[in-house]
Every structure is written in structure tokens, then in C-alpha cells.
Amino acid sequence: MNEGKLEKTRNIGLAAHIDAGKTTTTERILYYTGRLYRIGEVDQGTATMDWMVQEQERGITITSAATYCVWKDFAINIIDTPGHVDFTSEVERSMRVLDGLIVVFCAFGGVQPQSETVWRQADKYSIPRLAFVNKMDRIGADYYRVVASIEKQLGAKAIPIAIPIGKESDFSGTIDLVTLEAITYEDDLGVTMKTEPVPESLKEKAEAWRAKMIAEIANVDDELAEKFLADQEISVDLIRAALRRAVISNKVVPVLCGTALKNKGIQPLIDAVASYLPSPLDIPPVEGLNPKTEENEIRKSDENEPLAALAFKIASDQFLDYITFIRVYSGKLKKGSVVFNSNKRVRERVNRILRMHANRREDVEELTAGEIGAIAGLKATTTGDTLCAEHKQIVLENIKFPEPVISVAIEPHSQGEYQKMVESLKKLASEDPTFRANFDQEMGQTIISGMGELHLEIIIDRLKREFNIQGKVGKPMVAYKETVTRSVECEGKYIRQTGGKGMYGHVILQISPLPPSSGFHFENEIRQNDVPKEFISSIKDGVEEALTSGVLGGYPVIDVKVVAKGGSSHEVDSNDLAYKIAASKACKDGLARAGSILKEPIMKVEIVTPDQYIGEIIQDLNSRRGKLLGAEPIVGNTQCVKALAPLSEMFGYATHLRNRSQGRATYTMEYHSYQELPTEISRELLGISA
């Protein structure tokens, strides 16, 4: 194993609330590492990582983009993720394969709604992270307030390892608290840095913050604590080593600051990535399931181990059909080799291996443990699949994505375009796990579903530009769900005798409600003598098929537990299809008797508004069946109103809010949960008279 190479490898991502400056920060990292020879700007549509036309026009990141660079002797793989909540799945799949994360905060806005979302996603995967407080040159910038809000709102142990020199228009650089040096910049591009002793005017403040930093690290690191308590001299190397251990074990989050747009504070951030974020050797071995023995197995980050790689993103390409982004956890992937997809149980040939730089690519001969790259032309592999050695199979944990919450009907301008539209939508759905397309030929309708109005707007725009399909789009529809309120036992039989070999399936199920956001759980309690084990998966398939369309309005059923309790079999006529049909019939019967109700998506809404509009905004939220969670001051006369509101009541809210606040209030909205729909609205939706 090339331990030296792995030790100098960093797989990192950048994540933030929309407009915190994440992509601008990424552009500067690429420029200072020599990956770019000119700086791209988001506002001008020239940012390298925002390569889609839709991204350049809107000035936002829509799809996660991968690239790599070299800083000193460190190889850094970078994934730049979207900040808008409608594209949170792009963040989710990136988090699954990262070893470290830079979370970018606005020095004025601080911890914002999507900041909390990406932080929770990083917590879920236990990703060590750095915090970068950007836009220190902005009016109202307050570094220390943002540090405090990271601790208070995110529950993190935020430790400043740099403090600003000046703020707003006077921001000129930072003080490195580890080395106790002042870093300023001698040119507008920020290439020439000047490192010198801390100015006398800031010395007392810097020493106080350095002492606080060392004390905080000593609280979580025994080696540093020993020297600290003995009042011994603490070297820079010891601080760095202790801080690195604390970051990798997720005990602290170092905080740095700068202004990416004005080219200040980026080189110290890259140094911090190299110094404190983990290499592939620092993270625990990846765990997976052996599909043959159903036992847990681990794979170390070692190129001599059997191959284990995870496909975390699929992108369509006009020349290469599909490009599959992968993270290699163990072993070695070589061009021309054959790998085994353990989820689909098929072999795949690796014709081309690519190293990506946004939408540009270069061919490489191999990828080894700890590296991120892409494969061109895989046929069966989809997001979340595991590629492994066939003789040593493993299935890595899949990536879980949220369900779509909003739908629209779309139809082509002519019948001749229908099949082309179907194929195009299937291609887009293969790229994006949170986008669904349902083709209802009986109704003559195609329903597309996604995470928000902007998400579907981008999909429709891509249909026009990339596939030349000018579809007619209906009004937005809410993705309602159904669930049950009581436990029932149900029975299903499917018996057919056709003269030759017949069909026999018989199963008894118990359907029970689960707490909100629990999803679907299936358990098997059938004795082997009643129904052979090989038919249990078909029973589960039949149940899942029945749950796709509930008994009230044909909406998918969620938050249910189904237990296979019993049944019977025929030694000749029993087969998979018979049990699948029997289970589906039993499930439909049970749903009809289990007190089914409708649920609607509830959104978490945060509105930033001047004080003078707050009363009117709260009153308006109440009229939309909103539930106020609270309001808190931010800066000056600005407040942040937090509430929960049904998605059905929030369509077109952006225009409404602008009108009510003379364009001065802004809002963000993200999915929160599914909750029971009030009876009177449910009756109206289903067309039931009172």
C-alpha cells in the first residue's frame, strides 16, 4: 500500500447556505493551487464549478461538481455542493463519500437554514469539518457573532484558530492563532502574502484568543492537557497535532475567516485542510454486508485489499451516454477490467476511467483506495450501487434520499414527441434520485415530481435546452401520502389451476402504523414449514407494490409496518408470482380496514424581515395554516421568523412576500415532515361530502 500517497490525500467538500460564497471560495482554492490560471466569478457566469447553463444564468449551484488540485505536496479532491434546499440530494450523496468538509458561513447572515441542513447531514456521516466565515468585507460582518451562533445553533465546539484584522471595508487579513503571526496581502489577487509579527495594537487580543484556543483543545486532548496543566511550553507542532486529533475525532471545529471575493484568507484555509482534515487512512474502515453470508465485513483503505467502490452520482453525457462518479474505498480499479455490481448482481466492464474537473475530464489508467473519480459507459449501475471484486463480494450502505414533495403534469406539444419525452425524463431521473417521472398511459398524463418549484423549473428548462422538448406544464400539485391509524390482520390467496402446473400463494399479514418519518418496515415471522424461505422476498415485493397506491386517493402509503405472520404453500404450484399477487391482495384488503388517512408535506420556513413587517408576516403565516416556532433578532432592526407551514399553502409565496415587504424580506423553505391533513381539507381533496 502506498501509505505516503494516501497520507497526503484529502477528499473534501464545500457546503453552505445559498449565497454564502461557497463556489467563489472553491474558485479561489483552485486558483491558488494552480488548477486555474484565471479566477472565475459566479456573478459573471464564469465560475468553473458552475458549468451548467442554468447555474450560470441564475448564479447558483444546482449540481455537485468534482475536481482536484495539488497544494504543496497534498492531493485534494474537492466536491462543490449546491446551497439551495431543492438540491439537497446533491449534498447528501456527496457527504456519503467525503472524508472532510468545509462549511462556509456568511459573516453577516451567520448560521442560516441550509447551514443547519448541511450540518445535520455532516453529523449523520460523522464528517470532520472546518468552518470558514466568508464575506468579512461586507457591511455588518461580525466574525465573533458567527462563531457564537455556530456553537449555539449547531451545538458544535467552535474554536477560532484565526481572528480578523479589521472588518467590513477595513478587513485586511487574519491573525494565525497557532503561530501567532499576522497575514496580510500585498496585491488585489491575494497571491503575495505578507507574514509578520502581530501588530502591537492587536497583540493583547490575539494572545487572549490563543490562550483560549489552547485551553479548549486541552479539554479534549490528553497529550496537550498534560503540558497545559503543568504550565509547560507548548510548541506549534504540538498544537497542530492535538488539533488534528480533535478534529478527526469530531470533538472540535476550527474556525477561520476571510473574503473569497476580495481574495483574502484562502491560503490559510487550504493549509488548514492539509493540516487538520483527515486522510483516507484516518477514517474508519468502510463496512458492508457480504451478500452470500449476510455477515458484516470491513474493507481497509488499502490498494492491496479486494475492490470496494461506491457509485454516488450518475451524470448523462451526450458523447459517453452516462458517467458514473465513484469513491474507491479499497483495492484498485483498472482501465479495461471487469467489476461486479453487487446490488444488481451483474458484471460491468470498465472501458474508461476519468478524473473530473467540473464538466471537463482527463483519462487515467487506474483509481486506487482513497481516490474519487468516474467511469464512462457503465450500463446497469445506478446511484448507491457497490462495485467490487466478484470473488470477494460486498454491499456498502446505500444512500438514502428524501421523497419528492411537489408534482406537475407535463405533456409534449405533439404525440410524436411523447416517446422522446419519456426517454429524456428517464435519463434525468437516472441522474437525480429525488426526481420522479410517472407515466400514466390510462389517464394520458405524465407526472413529474421533485423537491420544490425551482427543482422542477430546472428539470423543465433542461428538457427544452438539452433534449429540445417544448412540453406543456400544468399547475404544481402537492405529493400527498397515505398512512394507517390502527393495526389489522389480513389474508390473501392466489390460486389458479389451468390444467397443467397451477399457481398457489397464500399469506397472512399484519399491518400496523409507525411513528411519523419511519418509512416502511417489513418483518417475517412465517415458519419455514408454512411458506418456504425463498418466497419471502416475493411477499415483500407484493407488499411494496401495494403500498405505492393507497385506498383513499391512490397516494403512496408511508409510515407502516407489515409483518408476514403466516400462510401456506403447495409443493408443486407455489411460485414467486403467486406469493407476490397474494401479498398485494392481502395488503390492499388490510389498508381498506386500517383507518387510512391522508398526510401532507410540511415545510420549515424561515423569513428574514425588517421589524416593521413582522406583524403582517406572522398574521399571513397564520392564515396559511402555519405554526409559528419563534422570532429572533439578527442584526440591527432585522428579525428571523421561523415557522412550519403546509406546502400546499406556500405556492407563489416569494412574490407574495415581496409585495408585502416592498421587496425587503427574504425567505427559505425546506421539507420538514409529513403530517395528518385536517379532516375537512381531506374530504374536499377526495371529493367526499360532509
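Quick note: numbers below take in every heavy atom, side chains included, and nothing from hydrogens, waters or symmetry partners. The model shown is predicted, which means the values in this text are computed figures rather than measured ones.
Shown here for P306 and S330, the closest heavy-atom pair between the two residues is O-OG, 2.7 Å. Heavy-atom minimum distance, S596 versus V551: OG-CG2, 3.7 Å. Nearest heavy atoms, S430 versus I314: O-CB, 3.6 Å. For the pair L514 and G519, the tightest heavy-atom approach, listed with the atom from each and the gap, is CD1-O, 3.9 Å. Minimum interatomic distance between A311 and T324 (heavy atoms only, all atoms of both residues): CB-CG2, 3.6 Å.
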(message) Under the criterion side chain to side chain contact (heavy atoms under 4.5 Å, CB included), I'd like the reasoning laid out for F340 against E348: C-alpha separation, chi angles, the key distance, then a yes or no.
(response) CA-CA 6 Å; F340 189 71; E348 294 264 40; over 6 Å; no
(request) Would you sort out whether V97 and F325 count as a side chain to side chain contact (heavy atoms under 4.5 Å, CB included), showing the intermediate values? (result) CA-CA 10 Å; V97 298; F325 289 74; over 6 Å; no
(request) Please step through side chain to side chain contact (heavy atoms under 4.5 Å, CB included) for the pair R624 and M650, ending with a clear verdict. (result) CA-CA 8 Å; R624 295 171 184 269; M650 298 301 289; 4.0 Å; yes
(request) Start with the C-alpha distance between I602 and K627, add both sets of side-chain angles, then the distance that settles side chain to side chain contact (heavy atoms under 4.5 Å, CB included), and finish with yes or no. (result) CA-CA 10 Å; I602 302 296; K627 178 184 176 184; over 6 Å; no
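A distance of 5.5 Å separates CG in N341 from CG in L387, rounded to the nearest 0.5 Å.
A donor-acceptor contact shorter than 3.5 Å links the side chain of R486 to the backbone of R593. Between the side chain of Q528 and the backbone N or O of K533 there is at least one donor-acceptor pair closer than 3.5 Å. Between the E482 side chain and the G554 main chain, a donor and an acceptor come within less than 3.5 Å of each other. A distance-only check finds a donor-acceptor pair linking the side chain of S574 to the backbone of H570 [under 3.5 Å]. Listed for the S342 side chain is a donor-acceptor partner under 3.5 Å among the backbone atoms of I394. Not one N or O on the side chain of E649 forms a donor-acceptor pair closer than 3.5 Å with the backbone of R625.
Taking the charged nitrogens against the carboxylate oxygens, K585 and D589 have no contact shorter than 4.0 Å, which rules out a salt bridge. Between E466 and K427, none of the side-chain N atoms (NZ, or NE/NH1/NH2) sits under 4.0 Å from a carboxylate O, so this pair counts as no salt bridge. Electrostatic pairing of E489 and K565 does not count as a salt bridge here, judged by no charged N lying under 4.0 Å from a carboxylate O.
Counting non-hydrogen atoms of neighbouring residues, nucleotides and ligands closer than 6.0 angstrom, the CZ atom of R120 exceeds 12 such neighbours. Under a cut-off of 6.0 angstrom, the local environment of NZ in K588 is crowded, with over 12 non-hydrogen atoms contributed by other residues, nucleotides or ligands. More than 12 non-hydrogen atoms from other residues, nucleotides or ligands lie less than 6.0 angstrom from NZ of K124. Counting non-hydrogen atoms of neighbouring residues, nucleotides and ligands closer than 6.0 angstrom, the NZ atom of K561 reaches no more than 12 such neighbours. At most 12 non-hydrogen atoms from other residues, nucleotides or ligands lie less than 6.0 angstrom from NZ of K392. No more than 12 heavy atoms of other residues, nucleotides or ligands sit less than 6.0 Å from atom NZ of K400.
Under the side chain to side chain donor-acceptor pair (under 3.5 Å) criterion, E390 pairs with R347, not counting sequence neighbours. Checked against side chain to side chain donor-acceptor pair (under 3.5 Å), Q675 has the following partners two or more places apart in sequence or in another chain: S673.
Looking only at atom types and distance, the side chain of T382 has a donor-acceptor partner in the side chain of K344 under 3.5 Å away. Looking only at atom types and distance, the side chain of H17 has no donor-acceptor partner in the side chain of E116 under 3.5 Å away. Checked by atom type, the side-chain pair N290/E297 shows a donor-acceptor distance below 3.5 Å. If you check the side chains of S126 and N250, you find no donor sitting under 3.5 Å from an acceptor.
Among E397, R327, Q121, K313, the single residue meeting the side chain to side chain contact (heavy atoms under 4.5 Å, CB included) criterion with R96 is E397. Each of T383, T386, N398 was evaluated against L310; a single residue qualifies, T386, per the side chain to side chain contact (heavy atoms under 4.5 Å, CB included) test.
The aromatic rings of H506 and Y504 lie perpendicular to each other, with more than 60° between the two planes, well past the 30° mark.
Sequence neighbours left out, the pairs with a member in residues 535-567 that pass ring pair (Phe, Tyr, Trp, His ring centres under 6.0 Å) are Y480-Y555, F535-Y579.
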